[in-house]
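Here the structure is a predicted model, which means the values were calculated and not measured. Naming: A, B, ... by sequence-line order, numbering from 1 per chain.
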Amino acid sequence: MYRAPRGTADRLPDRQKYWRYIESKAVALAQQYGFGRVDTPVFEDSGLFVRSVGEGTDIVEKEMYTFQDRGSDSITLRPEGTAPVCRAYLEHGMHNLPQPVRLYYFCPVFRYERPQAGRFRQHHQFGAEVIGDADPSVDAEVIELAWRLMLSLGLRDIQLLINSIGDQQCRPGYVERLKAYYTGYHDQLCADCRQRLTRNPLRLLDCKVEACHALGQAAPRSVDHLCAECQAHWEQLQGYLKHMELPFQVDHRLVRGLDYYTRTVFEVQPLDAGGQSTICGGGRYDALMEQLDGRPTPGIGFATGMERLILNLERSGVAVPEEPSPRYLVASVGDGARPAALELASRMRRASAGAILSSGARTLRGQMRQANALNIPFVAIIGDDEVRDGTVAIRDMTASTQQTLPLAEFLASLGG
RNA sequence: GCGAGCGUGGCCAAGUGGUCAAGGCGCCUGGCUGUGGCCCAGGAGAUCACGGGUUCGAAUCCCGUCGCUCGCCCCA
């Protein structure tokens, strides 16, 4: 028997309420902030991600779904959302729109990883990007949007972490200081961290091994080595966030795994942060457009993992509204009444009433049981008597009462 | 890529060498020839993940494979 591929999942009807819930909240907020929706293809030229995400990153090195298509072009299933949006910005000349351009999206994201709780090979993100304005007030707005989305979903035991990792001017110097610091403790580092020392020094900061973690306490902090411009940006941002009354915490160990981030980075995490715990992550990417052969254009954005949001909604017991379902089931008695039942159901729907037609192949008792099992509040019963009289029997399943009405009267009562 | 645990009908699950499989949920039917929820009775549905081995005999022991889950790396 075929199964869904590893790390993928079918979304069955009983799960849909979570998706609709998150989507509706996210869309409402995004629109409130002036964002427009953008949808980009599921796959792109592989080069787009290699150049933006970075050749040394895990995503590019071992996690991309890359293949040759029949025209022998190298194609990659989108491993993240920001680069395609930036590509679309450039391709459609959005620099001719009033700046900045605010865009949001929902999309599937693919990474070849070992699945575990909160991590999948295909997962889904809601993301928002503001392109074309480097002012820290934009950072503040984007962070506020992310935070308010979490709150509006009903998530409470969460924290907002921010940091600044500098830009092309100041980060190289900082990274050198960091390397120098950790090199002094080379013998105390775990095997992974010895690798990081040369490959990705920033990641030394958030190693979970106790010895390494302890070393991180006294490690040089990026915010202490910012250039003047980055420093000003960082201070203004914090001031704005305070004015917006956002409960942020500065986390000097917060770094992000994609190469394109500059200056501001931020995450939202559950307080009981475990393994795959980050539910929202983002940051500024002022150099990204140039890497994609565009004019220098600043940008900032974030993405949240839908599956992780749902995981947290369930863990914290947030009540999510049920999907709407029909209020009526149309039952019929006897073969003669079946065409009439079909017609009744059709007329009810044209009158904007939800109706499930029971096929009539089973007994009335069976149809009533079906209505009960489906939690349907009303059953419209039509049999030979009703067909003859032009009526319909309406049973109220919760009150266990029933009345027979003229068909026209019943249909009129449905409204719409 | 590394490490750990697990794999019995759609779901949950008993059974740990000797009637090839209990029970519960769910589904269908009947008890009530046109009426639900409770109850009662019945039914459908399992090559016990797959392959090999040990044994007179395996769901049950051994080996391999596959799959799932959890963790590491990394990330949403």
Side-chain angles (χ1 to χ4, degrees), chain A residues 1-9 12 14 22 53 56-64 78-82 106-127 146 150 190-193 195-196 199-200 203 206-209 255-258 267-270 274-282 301-312 329 331-334 336-337 358 360-387 393-402 404:
Chain A
M1 188 151 76
Y2 289 110
R3 318 179 53 119
R6 164 175 289 194
T8 69
L12 302 182
D14 64 343
I22 295 170
V53 174
T57 60
D58 276 16
I59 288 180
V60 170
E61 275 199 346
K62 54 184 190 185
E63 295 179 356
M64 294 210 303
R78 167 178 51 218
E80 64 101 32
T82 299
F106 295 91
C107 68
V109 172
F110 305 86
R111 291 182 202 160
Y112 189 85
E113 304 182 276
R114 285 292 293 273
Q116 63 191 69
R119 199 183 66 188
F120 311 93
R121 288 186 173 178
Q122 176 181 346
H123 77 278
H124 300 79
Q125 295 186 346
F126 165 74
M150 302 302 138
C190 68
D192 283 337
C193 278
Q195 297 276 322
R196 293 184 178 115
R199 300 204 42 205
N200 196 348
R203 295 233 75 91
D206 63 355
C207 182
K208 295 185 189 78
V209 175
V255 296
R256 308 220 9 104
L258 284 61
E267 286 189 2
V268 177
Q269 295 180 357
Q276 316 304 321
S277 58
T278 298
I279 52 180
C280 175
F302 70 86
T304 70
M306 302 281 283
E307 286 85 352
R308 285 190 188 174
L309 286 178
I310 293 170
L311 192 66
N312 281 277
L329 180 137
S332 60
V333 187
S358 192
R362 52 175 85 184
T363 61
L364 179 59
R365 170 187 168 76
Q367 297 174 71
M368 298 299 287
R369 280 183 167 172
Q370 185 185 14
N372 196 62
L374 294 173
N375 247 309
I376 302 219
F378 297 97
V379 178
I381 305 166
I382 195 154
D384 292 336
D385 297 348
E386 286 79 9
V387 170
I394 304 301
R395 182 169 184 81
D396 181 331
M397 298 294 278
T398 40
S400 293
T401 58
Q402 185 168 327
T404 300

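- Closest approach to the A:S400 side chain among B:rA76, B:rG34, B:rG37 is made by B:rG37 (side chain taken as heavy atoms from C-beta onward).
- Residue A:I59 is classed as having no contact, given no heavy-atom separation below 4.0 Å to the nucleic acid.
- Closest approach to the A:M397 side chain among B:rG36, B:rU35, B:rA76 is made by B:rG36 (side chain taken as heavy atoms from C-beta onward).
- At whole-Å resolution of the value, CD1 in A:I394 and C1' in B:rG36 are 15 Å apart.
- Of all the heavy atoms in A:I381 and A:M368, the pair that sits closest is CD1-SD, 4.3 Å.
- Between the C1' atoms of B:rU8 and B:rG1, the separation comes to 33 Å (whole Å).
- A distance of about 8 Å separates the C1' atoms of B:rG10 and B:rG26, rounded to the whole Å.
- Separating the CD atom of A:E80 from the C1' atom of B:rC74 is a distance of 14 Å, rounded to the nearest angstrom.
- Shown here for A:C280 and A:F302, the closest heavy-atom pair between the two residues is SG-CD1, 3.5 Å.
- Between the CD atom of A:Q116 and the C1' atom of B:rA4 there is a distance of 12 Å, rounded to whole Å.
- A:C190 approaches A:C207 most closely through the heavy-atom pair SG-SG, 3.8 Å.
- A donor and an acceptor atom sit less than 3.5 Å apart, one in the side chain of A:Q402 and one in the base of B:rU35.
- Residues A:Q367 and A:A331 come closest through the heavy atom pair OE1-CA, 3.1 Å.
- The side chain of A:R196 sits closest to B:rC74 out of B:rC74, B:rA76, B:rG34.
- Considering only side-chain atoms of A:R256, the nucleotide from B:rG31, B:rC74, B:rA76 that sits closest is B:rA76.
- Using a 4.0 Å heavy-atom criterion, one finds that A:R121 contacts no nucleic acid atom at all.
- Rounded to whole Å, the C1' atom of B:rG42 lies 33 Å from the corresponding atom of B:rA58.
- Checking B:rC27, B:rC28, B:rA76 against the side-chain heavy atoms of A:R308 singles out B:rA76 as nearest.
- Taking the P atom of each, B:rU33 and B:rU69 are spaced 48 Å apart, rounded to whole Å.
- Nucleotides B:rG24 and B:rU47, compared at atom C1', are 24 Å apart to the nearest Å.
- A:I376 has its CD1 atom 14 Å from the C1' atom of B:rG37, to the nearest Å.
- Between A:R78 and A:P108, the shortest heavy-atom distance links the atoms NE-O, 3.0 Å.
- For B:rG7 and B:rA13, the P atoms lie 10 Å apart once the distance is rounded to whole Å.
- In this structure, A:A373 reaches the sugar-phosphate backbone alone: every heavy-atom distance under 4.0 Å involves primed, P, OP1 or OP2 atoms, never a base.
- Residue A:A393 is the one, among A:A393 and A:F120, whose nearest nucleotide of RNA chain B lies closer to the 5' end (criterion: closest heavy atom).
- Residue A:Y112 contributes atom OH, which lies 11 Å from atom P of B:rC2 at whole-angstrom precision.
- With sequence neighbours excluded, no residue satisfies salt bridge (Lys or Arg N to Asp or Glu O under 4.0 Å) with A:R121.
- Between A:R369 atom CZ and B:rG31 atom P the separation is 10 Å, expressed in whole Å.
- Spacing between atom CD1 of A:I382 and atom C1' of B:rG34 amounts to 13 Å, rounded to whole angstrom units.
- Taking for each of A:E63 and A:V333 the nucleotide of RNA chain B with the nearest heavy atom, the 5'-most of the two is the partner of A:V333.
- In this structure, A:L364 reaches the bases: a heavy-atom distance under 4.0 Å links it to at least one base atom across the strands shown.
- Comparing B:rG34, B:rA76, B:rC28 against the side chain of A:R362 picks out B:rC28 as the nearest.
- Within the nucleic acid shown, A:E386 comes within 4.0 Å of at least one base atom, counting heavy atoms only.
- Nucleotides B:rC68 and B:rU60 are separated by 22 Å at their P atoms, to the nearest Å.
- At a cut-off of 3.5 angstrom, counting only N and O atoms as typed in the model, there is a donor on one side and an acceptor on the other between the side-chain of A:R365 and the base of B:rG31.
- Contact annotation for A:F126: no contact, since no heavy-atom pair falls under 4.0 Å across all strands.
- In this structure, A:A371 reaches neither bases nor backbone, as no heavy-atom distance under 4.0 Å exists between it and the strands shown.
- Between the side chain of A:R395 and the base of B:rG36, at least one donor-acceptor pair of N or O atoms lies under 3.5 Å.
- A:E113 comes within 4.0 angstrom of a nucleotide base, judged by non-hydrogen atoms across all strands.
- A side-chain donor-acceptor contact under 3.5 Å links A:N312 to the backbone of A:R308.
- Rounded to whole angstrom, the span from the CZ atom of A:R6 across to the C1' atom of B:rU65 amounts to 13 Å.
- In terms of the salt bridge (Lys or Arg N to Asp or Glu O under 4.0 Å) criterion, A:D192 has no residue partners (sequence neighbours excluded).
- Closest approach of A:A393 and A:T404 over heavy atoms only: CB-OG1, 3.9 Å.
- In this structure, the side chain of A:Q122 does not engage the main chain of A:A9 through any donor-acceptor pair within 3.5 Å.
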| task | Go ahead and write out RNA chain B as dot-bracket, 5' to 3': ( ) for pairs within the strand, [ ] for ones crossing earlier pairs, | when the partner sits on another strand, dots for unpaired; Watson-Crick or G-U wobble, both distances under 3.5 Å. | result | ((((((((.[[[..)..(....]]].(((((.......))))).....[[[[[..)....]]]]])))))))....
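- Exactly one residue among A:L309, A:T278, A:I279 makes a side chain to side chain contact (heavy atoms under 4.5 Å, CB included) with A:T304. That residue is A:L309.
- For A:A117, taking side-chain heavy atoms from C-beta onward, the closest of the listed nucleotides B:rG67, B:rU35, B:rG71 is B:rG71.
- The side chain of A:R3 approaches B:rG67 more closely than any other nucleotide in the set B:rG67, B:rA76, B:rC39.
- For the P atoms, the distance linking B:rG43 with B:rA49 amounts to 26 Å, nearest Å.
- Between the side chain of A:T363 and the base of B:rG34, no donor-acceptor pair of N or O atoms lies under 3.5 Å.
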